[in-house]
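Worksheet for the structure shown next.
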Protein chains: 2
Amino acid sequence: MDKFERKLDQAARAAWLSYVGGHTQDEIASQLGVSRPGVQRLLALARQEGLVKVHIDHPIAGCMALSEAIGERYGLEFCDVVPADPQGAPDGSTRYLAVAAAERLSWYLDRSEPLTLSLGTGRAVRGMVEALSRIDRPQHRVVSLVGNVARDGSSNRYDGVMVLADKTGGERFLLPAPVVAGSVEESEALCGQRLYQSVAEVAREAEVAFIGVGRIDRQATLFQDHFISEAELDELLEREAVGELLGWPLSRDGEVIDCSITRRVTSLPLTIFRDRPLVAVGGGRDKGPALLAALRGGWLKGLVTDEHAARYIVETERGSGLDGAGPAAKV
Amino acid sequence: MDKFERKLDQAARAAWLSYVGGHTQDEIASQLGVSRPGVQRLLALARQEGLVKVHIDHPIAGCMALSEAIGERYGLEFCDVVPADPQGAPDGSTRYLAVAAAERLSWYLDRSEPLTLSLGTGRAVRGMVEALSRIDRPQHRVVSLVGNVARDGSSNRYDGVMVLADKTGGERFLLPAPVVAGSVEESEALCGQRLYQSVAEVAREAEVAFIGVGRIDRQATLFQDHFISEAELDELLEREAVGELLGWPLSRDGEVIDCSITRRVTSLPLTIFRDRPLVAVGGGRDKGPALLAALRGGWLKGLVTDEHAARYIVETERGSGLDGAGPAAKV
DNA sequence: CTCGTGGTCGATCATTTGTTCGTGCTTTGA
DNA sequence: TCAAAGCACGAACAAATGATCGACCACGAG
């Protein structure tokens, strides 16, 4: 159809004048001899037909695409993807990750009304609070969602509650328990303690949580830091756990797996965050499966990750055919 | 400076969200945690730093760049550049040129108040009026600016006045003269005729003129169609004429060359268009020098040409160092 | 310690852009 | 030839954008 091609020519002209030439639509209208709304329609056509290609010349560009795709797909309120460090170690983005997460964290901390904020454990959470600059907020309370006592009685060195509370000058509430109790009875006893209950009560009042995401494999933090034994790790692998949130093991689809360990986890249940923002922090391609599980389970409202993990997530989701189309560039 | 880099990161993020993601600045502001004017500044920075690259995926794109450069450089009211026909003959854009010129022409013809419009001669003008679709405007007058009688008494087959007047149904005024008289006396006699005078009077009332541009070389229309003899052509070449408008020979700089021929040209003087739009139509790389001369002389207010000639003009002007910088992409 | 001074930030306003709706035209089928 | 449908167009309005200005803050010199 010749008519259509003529229109496309005009559309291309209008698009050029608008996006490259920097003219206003009024100028373009008089130049092309059409009305201003006509120019509007031409520009819409040009975009719709994909005549207009915009490229952002910066490493961030790829991250933004991933961020948008993931945030859209899993209904997140935000999704930050930090770029993979171009030179050097594959894990070089750890620092970026911490800074990005700290920025999100300070968004909450900035406000002056009293805030109750809860934290999970792990290197990522610890890195986040360390990257945070000191801020005077004694009115805020910081509470842990997961025990920081290992089975041998030692304290978890990656617990961020102490560091954060030091930086804000606010109150701190530590959960006096191991992540996984030795038995169901012990678990019930621990959770029944008055001290545990009062900390848990504060945790339930938290308006937002920042947590890490754990892998379930030989390098699992849960195992490496002696929160679970090798036998217990084997059981989780047996049940096809791919990740954990606060010690709760997740299946590929993000369901909490009901097994012997689940019944002994002393952390707060994930369900208390169904209506409040739960923010996960974690990066590296190895964390990909765990993050994906957490996303699929719909547990998260926010995510701070890196390009490696984000790429894994998007590629895997694409591959499984759940969602073939990413968000289209609208301009 | 690390601070600047951080800002550039933010700017890239903002640019991506705005141009690729299609979000509003308000959305971006809340997402990035800055105020709306802040986003404004980030976007300005991103553009300024050249982070944003826009590409229009259409053959027209190159033409628009040329068009803008030429229109800007020579203060034209408009400059249409039609694309070179991708496949086939190097002169394949003739048809495009005719259609584009016809569009400009009909812009003037469309109006209902009486219009006096003048035409030059040549294949380009003839093509233009032929490409024009019939339009009922008996109130308009069409007048020729240049004689259509060759030295041997035959009429110029490329005269467009008759064709155009047929299409509009309006009055027509033909200049009863050769382009170049045999002698100064003959020229004065011709121009003194009452008939010539009355047609010239109409021509002087013309609000706009569409004219061709002639080369001055062995293939010159002026020569080929027997308006001038070989000896006269040699004289023009001797005087370094590179083109002609209405038969008036132009130097490289667009000055009308004062020579024996100039004193015998019977066409209307170019100066009558100093304050009214004179539109040149012509394409092909061969016409480049002639067009460039016409532009340099400042005779033109509008130009319809093709990519070949436009490219010649821009490249030559660049090379001569008169204007190194093209219009910057403002986004 | 106080006073500029440069620079950044956000409120406000003018301009530009996007959308909606009613009108009139062309096109198509009876 | 006429009627109905579809379509394109432009007026008017709503939203978003860009620009200006004053206020505030950190820094350095006197």
Applying salt bridge (Lys or Arg N to Asp or Glu O under 4.0 Å), name anything that partners [X], two or more places apart in sequence or on another chain.
| X | answer |
| --- | --- |
| Glu130(A) | Arg126(A) |
| Glu307(A) | Arg311(A) |
| Glu27(B) | none |
| Glu205(B) | Arg141(B) |

Query raised in the report: Mind checking what makes side-chain contact (heavy atoms from CB on, under 4.5 Å) contact with Pro37(B), not counting sequence neighbours?
Result: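 So Pro37(B) forms a side-chain contact (heavy atoms from CB on, under 4.5 Å) with Ser35(B), Arg41(B).
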
Query raised in the report: Which residues pass the side-chain contact (heavy atoms from CB on, under 4.5 Å) test with Arg276(B), sequence neighbours left out?
Result: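 Here the qualifying residues are Ile272(B), Phe273(B).
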
Requested in this report: Walking along DNA chain D from 5' to 3', note the first and the last nucleotide with an atom under 4.0 Å from a heavy atom of chain A, and give both.
Outcome: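 It runs dC9(D) to dA11(D).
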
Query raised in the report: Taking protein heavy atoms under 4.0 Å as touching, what does nucleotides 13-26 of chain C look like 5' to 3' if B marks base contact, S marks sugar-phosphate-only contact and - marks none?
Result: ---SBBB-------

Requested in this report: Any pair with a residue in residues 97-109 of chain A that passes side-chain hydrogen bond (donor to acceptor under 3.5 Å, both in side chains), sequence neighbours left out, goes on the list, sorted by first then second residue, please.
Outcome: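 The answer is Asp80(A)-Arg104(A).
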
